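Just so it is clear, the structure is predicted and the values come from calculations on it, not from any experiment.
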Amino acid sequence: MTSKPGPRIGIVVPCCNEEKILPLTAARLLEALGQLIREALAGPGSLIYFVDDGSSDGTWDEISRLAEQHEQIAGIKLTRNFGHQYALYAGLMEAEGDALVSLDADLQDDIGVIGDMLREFLTGKDIVYGVRDDRASDTRFKRWSAAAHYWFADKLGISTVRNHADYRLMSRAAIRLLSRYHEANLYLRGIVPLLGLPSAEVTYRRTERLAGESKYSIGKMISLSLRGITSFSIMPLRFITAMGILVFIISLILGLWALHAALFREGAVPGWASTVIPIYLLGGLQLFAIGVAGEYIGKTYMEVKRRPLYLVESRCGGSKNVPDAPG
């Protein structure tokens with residue numbers, strides 16, 4: 001008796017300058033997808049979608065070549081570099097399938113747990129998060145900064161999944177709900193939990209990159225932040241916020257020093273401390289408050305423009321008859 005075929009899935013892989021790693025990534029994903037189909041966890045018609053996020057190397061040529069050689073590979077080329085979150089969102093909006101799995105091209109996330117994700121999906125879960133079981137492979141600074149991030153997010157009431165990045169499975173129902181979010185300040189790790197659909201977690205161990213270099217290097221982040229200008233970025237307002245924090249800290253230190261001088265040192269000018277402390281403290285607080293208010297005004301400014309979150313230039317492989325549409 002032939003077993004019932006599994007659901008048609010799509011594996012969405014954002015790519016930016018990943019020419020060197022793509023052949024190896026594609027080979028491993030094709031092997032994994034074939035195994036899932038044999039186990040009836042995935043069905044015929046399942047595809048791997050590589051989303052080229054404005055690469056400057058031969059990434060799109062490599063994707064096109066792979067799509068010609070393998071019918072289970074499709075490519076989506078964005079008109080320019082929109083950023084990782086937007087490329088991932090584009091892939092989720094454009095890909096077909098009963099369920100979509102998103103992961104990075106470096107395959108540091110263990111693709112062996114996709115089967116576990118699909119088993120959870122078949123039990124009725126609409127969202128399955130891939131969660132790292134530890135951060136032993138990270139540097140001490142990265143572990144500390146990650147812990148601080150999650151602690152701060154929890155204190156602010158932000159719903160996130162601890163030690164989860166963008167490795168997840170989403171059902172078609174979840175994708176339909178996600179498509180109603182058109183936020184310019186896109187942060188999928190915070191949006192997906194807001195959907196409120198039945199979810200589960202699978203754990204895995206993160207490994208080293210197969211090849212190439214991380215696109216999240218410090219230099220890359222600094223470069224991206226410096227690209228902004230007023231009409232496309234709120235970085236100037238963030239600079240004010242940073243300056244406000246810095247001035248506030250300096251003001252607090254100077255205020256404590258002035259108070260100490262007034263109380264414990266001889267020769268201090270009468271009334272000097274009571275004048276200096278308010279100037280320093282209130283000046284720093286005002287700059288800080290203006291910076292925080294500016295941050296929210298800047299986000300509003302970006303949202304009301306209603307610019308498309310992504311634009312598709314071309315496609316290859318897979319379903320070629322779907323018309324291009326901006327996000």
For [X], side-chain hydrogen bond (donor to acceptor under 3.5 Å, both in side chains) partners two or more places apart:
X    : result
E201 : none
R176 : none
D61  : none
D98  : none

List for me each residue that meets ring-ring contact (aromatic ring centres under 6.0 Å, His included) alongside [X], sequence neighbours excluded, and say none if there are none.
X    : result
Y86  : none
Y129 : H164
F82  : none

Has the side chain of S46 got a donor or acceptor atom that lies under 3.5 Å from a matching backbone atom of G10?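 Not a single qualifying donor-acceptor pair exists.
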Closer than 3.5 angstrom, by distance alone: can the side chain of S102 be matched with the main-chain N or O of D166 as a donor-acceptor pair?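 Checking the backbone N and O of D166 against the side chain of S102, a donor-acceptor pair under 3.5 Å is found.
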Non-neighbouring partners of [X] that pass salt bridge (charged side-chain N to carboxylate O under 4.0 Å, His left out), sequence neighbours left out:
X    : value
D110 : none
D52  : K77
E68  : none

Correct closest heavy-atom pair for A67 and C316 would be CB-SG, 3.8 Å
Is the shortest side-chain heavy-atom distance between L100 and R172 below 4.5 Å?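 Yes, close enough: below the 4.5 Å cut-off.
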Should E39 and R119 count as an ion pair when the cut-off is N to O under 4.0 Å? yes
Would you please name every residue forming a side-chain contact (heavy atoms from CB on, under 4.5 Å) with Q72, sequence neighbours left out?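 Q72: side-chain contact (heavy atoms from CB on, under 4.5 Å) contacts with L30, L33, I37.
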Tell me, please, which residues at least two apart from A32 pass side-chain contact (heavy atoms from CB on, under 4.5 Å). I111
Of the options R168, R205, R206, which is the one that meets D109 in a side chain to side chain donor-acceptor pair (under 3.5 Å)? R206
More than 12 foreign heavy atoms under 6.0 Å from CD of E31: is that the case here? no
